[in-house]
Protein chains: 2
Amino acid sequence: MSTTPVPSQSLLPLVIQADHLPAYHTPYPSRHPITKQRIVPFHISLQDFQNGLPPVGLITKPVLKALGYERALKFLTLSKEIKSCDIKKDGKRVECGACSECLQKQKQDKTQAAYKTSVLCVFFAEEINEKGKEARTEALADILNRWKAEGRFPETTKLWMDELFPIYACPKSTAFKATMSTARQPFGNVAFEMERAGVPLLGCQAFGVHMTAYEGEGEDMKIWIPRRSADRHRSPLKYDSSVAGGLPAKHTPLEGLLKECEEEAGWPEELIREYVKSAGVVSYYEIMDDGAILPNAEYTYDLPLPPRSSPTYIHPSPNDDEVDSFELLPVQQVILSLHKDEFKPSSAMVTIDFLVRHGFVTPDNEANYQEIC
Amino acid sequence: MSTTPVPSQSLLPLVIQADHLPAYHTPYPSRHPITKQRIVPFHISLQDFQNGLPPVGLITKPVLKALGYERALKFLTLSKEIKSCDIKKDGKRVECGACSECLQKQKQDKTQAAYKTSVLCVFFAEEINEKGKEARTEALADILNRWKAEGRFPETTKLWMDELFPIYACPKSTAFKATMSTARQPFGNVAFEMERAGVPLLGCQAFGVHMTAYEGEGEDMKIWIPRRSADRHRSPLKYDSSVAGGLPAKHTPLEGLLKECEEEAGWPEELIREYVKSAGVVSYYEIMDDGAILPNAEYTYDLPLPPRSSPTYIHPSPNDDEVDSFELLPVQQVILSLHKDEFKPSSAMVTIDFLVRHGFVTPDNEANYQEIC
């Protein structure tokens, strides 16, 4: 494992110097890819929205409606006068009376101008932000607990895990005005924490860790692939990354990985610390069963295991009930299993990234190489 | 080197299954990041634009103006009636007479409606497309040669290299209606070829190869870094990737890399074929000196050299005048040189990608890890 010291500088300025339209600057999605309804950005404060910072969440229409009754969160709204259509008939301008704008105008008091109101962003009330991170965490816990008790968004709340996830904001957010230098350190920019099941409802980014453990190199490589238990809610009996899990609050990615390695594969901390290598981030947007949008970022790790003759070699064995069994699959069989759709979708993405990084999937054998990279 | 056979299927469907808003589906930029002027998409045909395919190029305003006189390329335009503003004064609607729309309307014949025309897309004339790839290649060569002779866009044409670059289109393009199955194979979707210097003018994507050659592993790793010659037009005397170059027409990435390895480092084909591993794609948008936008995609490769005691080990030595000298730098010194801005920008991006993939830059030592991954 690398023992590279923590440098005081970031390498990001070099990326910005080379890339004048970096992907992470891409506007956040403003339309739901399936319902096509508008998605409203969720910010810490109105100033964060006005300063053009990236949002901390993406709110779909049903959730926006439910949030309208909550005092801890405020809406910035824009009202536009509805100018119903006018078409020419016998040289005079008339209203068609049939289009959605004309119909909405007819519904309202005709002596008054008619208005259409749009929510531009959602943000925490000032009295919450004044009290800081803990107040934001409590305010959202209060909302989510009530929704759970009332049976709202059952598809989401049935996945309740009593586990807090950290929600990060841009270090320039007003959330960190008193702690700017801390916020610029790795993991220093946690704006609040939130029950894991609620993260997709507010469209906040969820972080996870995925590790691919392997033996041998090149065409002789074999990868340790677990089969998920039959009783798992998502992707039962599908293949998975060697070790994978969500990244709870107060854990760095490596700390989260060490915990999962022990729980899922019985691999002790010493083995992982000696051989593991961090390998990047795989990001994707997931649409949940109830339409919520979950931006995911998985920290990826490789574990090149020592030879079997080494005293440090340890065979994986499931230590909890999430994994059914482990198989050591030749790399070509992993590729065939991917094509047969035998992997959990997110683990398929991470495994494809592994196969690209290790030169098994190449520009010569994959027609959509650029798209999958 | 991997000898993985070419599978008949692509892994892309698995990525689409996991990622509901994939980055490569992101709308192409429609505003220039510096001038803020509108960018017009360049398509093979009007149908490609109407079918929502990704464009093959991104055209800036000065180039659009010059293309207006070319018969080989057509514009799709939209004219909108200018409805100058009306504000209320003493209960009556009046025009302000001062805003840009009022001023433009005043310039035109007042008895007529005033119109504003926008170009929605640029595409090849039907008679060119009917004759296929060679006709498109000739039509653009004719335009670029004339512009060069007339001294237009001198910042771009001074980089003239007499080297053709391939321009790829979506396999669904009308360019491939007779050859759809070929277009779906790797590198089967070349829509036309074009002088390398002209690629940024039309904002087409340029492909390149970058290889990082190294000795040793972990903290003992050393990387072969060339210093660019003093007389190179771009980034003279800066550090570079071990071997890098543009990918000319009729070369796969590996074929292009083999050529560059021989020319720049004197590394023979046998050495590269035995040890090289493909490692992914690094993509970025570059703004040229004259404001043209160049989307770049660099195929990345790693070359883990054999031990010095091995009979196959070969020391790199510059074989052309692009490289001044090679240095074998410890990985920590490479990181320091990056921070000191001693690398050519695109090579810095590729080197950062290498450092991430090999676990030297980690979530624990880089605050903007997600952004640089």
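All values below were derived from every heavy atom in this structure, side-chain atoms included, with hydrogens, water molecules and symmetry-related copies excluded. Each chain gets a letter, A, B and so on, in the order the sequences are listed, and its residues count up from 1.
- Chosen from A:A367, A:C373, A:P363, the residue pairing most often with chain B at heavy-atom distances under 4.5 Å is A:P363.
- Across B:E371 and A:L12, no two heavy atoms sit closer than the pair CB-CD1, 3.8 Å.
- We find the CG-CD distance between B:N365 and A:Q9 to be 12.5 Å, quoted to the nearest 0.5 Å.
- Taken from CD in A:Q17 to OH in B:Y284, the straight-line distance is 12.0 Å, to the nearest 0.5 Å.
- With a 4.5 angstrom heavy-atom cutoff, B:R357 touches chain A via backbone and side-chain atoms both.
- Within the 4.5 Å cutoff, the side chain of B:E366 has heavy atoms near those of the A:S10 side chain.
- Between the OG atom in B:S346 and the CG atom in A:L14 there is a gap of 12.0 Å [rounded to 0.5 Å].
- Across B:V282, B:D341, B:N296, the residue that shares the most heavy-atom pairs under 4.5 angstrom with chain A is B:D341.
- For B:I352, the part lying near chain A is the side chain, with the backbone staying farther off; criterion is any non-hydrogen pair under 4.5 Å.
- Scanning all heavy atoms of the two residues, the minimum distance from B:H358 to A:K277 falls at O-CE, 3.5 Å.
- Within the 4.5 angstrom heavy-atom criterion, only side-chain atoms of B:P253, from C-beta onward, approach chain A.
- Side chain of A:D19 to main chain of B:Y285: a donor-acceptor pair is present (N/O by atom type, distance under 3.5 Å, no hydrogens or angles).
- No part of A:E298 comes within reach of chain B, as not one of its non-hydrogen atoms sits under 4.5 angstrom from that chain.
- Taken from CZ in A:R184 to CG in B:N368, the straight-line distance is 8.5 Å, to the nearest 0.5 Å.
- Side chain of A:Y369 to backbone of B:G280: a donor-acceptor contact under 3.5 angstrom is found.
- With a 4.5 Å cut-off on non-hydrogen atoms, B:E255 does not touch chain A at all.
- Of the atoms belonging to B:S347, not a single heavy atom falls under 4.5 Å from chain A.
- Contact between A:S278 and B:T362 at its shortest, heavy atoms only, is OG-CG2, 3.5 Å.
- Proximity to chain B involves both the backbone and the side chain of A:L11, based on heavy atoms less than 4.5 angstrom apart.
- With a 6.0 Å radius and a threshold of 12 heavy atoms from other residues, nucleotides or ligands, A:K222 has its NZ atom at or below the threshold.
- For the atom pair CZ (B:F207) and CD (A:Q370), the distance works out to 4.5 Å, reported to the nearest 0.5 Å.
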